[in-house]
Amino acid sequence: MSLTNLYKKYHEKVQFLVIYIREAHPVDGWWLGFRLTRKLVDKYYPKAATDVNDPKTIEERRAVAGRCETTLQYGIRTYVDEMDDHVNKAYSAQPTRLFLIGKGGRVVYYGGPGPYGFSPTKLGEAIDTYLENETNV
Amino acid sequence: MSAISKMVTEVKTIKEYWTKEVRRQKVLEPNVPKVGEMAVNFTLTDSSGEHTVTLSDFQGKKPVALIFGSFT
């Protein structure tokens with residue numbers, strides 16, 4: 001299940017927040033390479049960018065986040081972590097990670113780090129389980 | 001540099017990156033908020049700089065799905 005479909009299915013019962021954090025593979029940082037990597041990224045992650053520098057200011061970070069929001073089109077508003085990365089650090093979120101927080105403010109589900117541990121399907125299962133139990137209580 | 005040696009260099013770079021990334025994630029994994037723990041509260045502004053959200057505002061109202069990521 002894609003994030004877009006997950007959002008469409010649950011957005012009335014669950015608040016979705018996309019949080020843009022530090023770039024995982026900026027071209028001026030830990031960029032993996034050029035020709036070979038670009039081909040692999042284009043094949044498996046066609047919407048991911050391969051031309052982004054690591055933003056140095058919050059304005060630059062917001063601009064990249066806005067571009068990301070427009071390109072990926074999840075339909076979910078994107079919030080931007082501050083330059084001190086405090087939210088990223090608090091959740092050990094980099095490069096990508098999913099969480100479900102219950103109504104009481106406690107963690108109900110946490111996914112593995114992306115890309116391999118990033119599973120909207122598992123998040124969907126966690127939402128189903130949470131909503132079923134909530135109904136029963 | 002020939003095409004083959006460029007590709008070999010890239011593969012080495014990817015392997016080096018992967019090793020470091022796996023090591024980094026192993027160090028960070030114990031710090032991930034676990035099931036049952038209180039989620040760390042935060043207030044952030046959106047990409048337009050116009051809208052702000054605070055996680056605790058949803059407490060008692062709705063569960064929250066947090067989707068962390070970047071563009072690359």
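Chain letters run A, B, ... following the sequence lines, proteins first, then strands; residues in each count from 1.
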Out of B:Asn31, B:Val32, B:Thr52, return the one with the most heavy atom pairs under 4.5 angstrom to chain A. B:Val32

Looking only at A:Arg62, A:Glu59, A:Arg61, the option with the highest number of non-hydrogen pairs under 4.5 Å against chain B is A:Arg62

Is A:Tyr110 reachable from B:Leu28 through a run of hydrophobic residues whose side-chain heavy atoms are each under 4.5 Å from the next? no

Quick one: which of A:Ala93, A:Ala63, A:Ala65 has the most heavy-atom pairs under 4.5 Å with chain B, could you say? A:Ala93

Which atoms form the tightest heavy-atom contact between B:Ser70 and A:Cys68, and what is the distance? O-SG, 4.1 Å

Which bit of A:Tyr109 is near chain B, if near means a heavy-atom gap under 4.5 Å: side chain, backbone, both or neither? backbone

Between A:Ile76, A:Leu6, A:Asp81, A:Ile127, who has the most heavy-atom pairs with chain B when the cutoff is under 4.5 Å? A:Asp81

Got a second to check how far A:Gln15's CD is from B:Lys61's NZ, nearest 0.5 Å? 10.0 Å

About how many Å separate CD1 of A:Ile19 and CG of B:Leu44, when rounded to the nearest 0.5 Å? 6.0 Å

Of the backbone (N, CA, C, O) and the side chain (C-beta and beyond), which part of A:Glu69 lies under 4.5 Å from a heavy atom of chain B, both, or neither? side chain

In terms of heavy-atom pairs under 4.5 Å with chain B, which of A:Ala126, A:Pro120, A:Gly104, A:Gly111 leads? A:Gly104

Without swapping roles, check the side chain of A:Arg106 against the backbone of B:Gly36 for a donor-acceptor pair under 3.5 Å. yes

Determine whether a donor-acceptor pair (N or O, by modelled atom type, separation under 3.5 Å) exists between the side chain of B:Gln59 and the backbone of A:Lys103. no

Measure A:Leu123 against the heavy atoms of chain B and call it side chain, backbone, both or neither at under 4.5 Å. side chain

For chain B, which of A:Val18, A:Asn88, A:Ile21, A:Thr78 has the most heavy-atom pairs under 4.5 Å? A:Ile21

Name the region of A:Tyr7, side chain, backbone, both or neither, that has any atom closer than 4.5 Å to a heavy atom of chain B. neither

Under 4.5 Å heavy-atom distance to chain B, tell me which part of A:Lys13 shows up: side chain, backbone, both or neither. backbone

Contacting moiety of A:Ile58, where chain B heavy atoms sit under 4.5 Å: neither

In the single-linkage hydrophobic clustering (I, L, V, M, F, W, Y; side-chain heavy atoms under 4.5 Å), do A:Val64 and A:Val87 co-cluster? no

Engaged part of A:Val108 at the chain B interface, taking heavy atoms whose separation is under 4.5 Å: backbone

Quick one: list whatever passes salt bridge (charged side-chain N to carboxylate O under 4.0 Å, His left out) with B:Glu29, sequence neighbours left out. A:Arg97

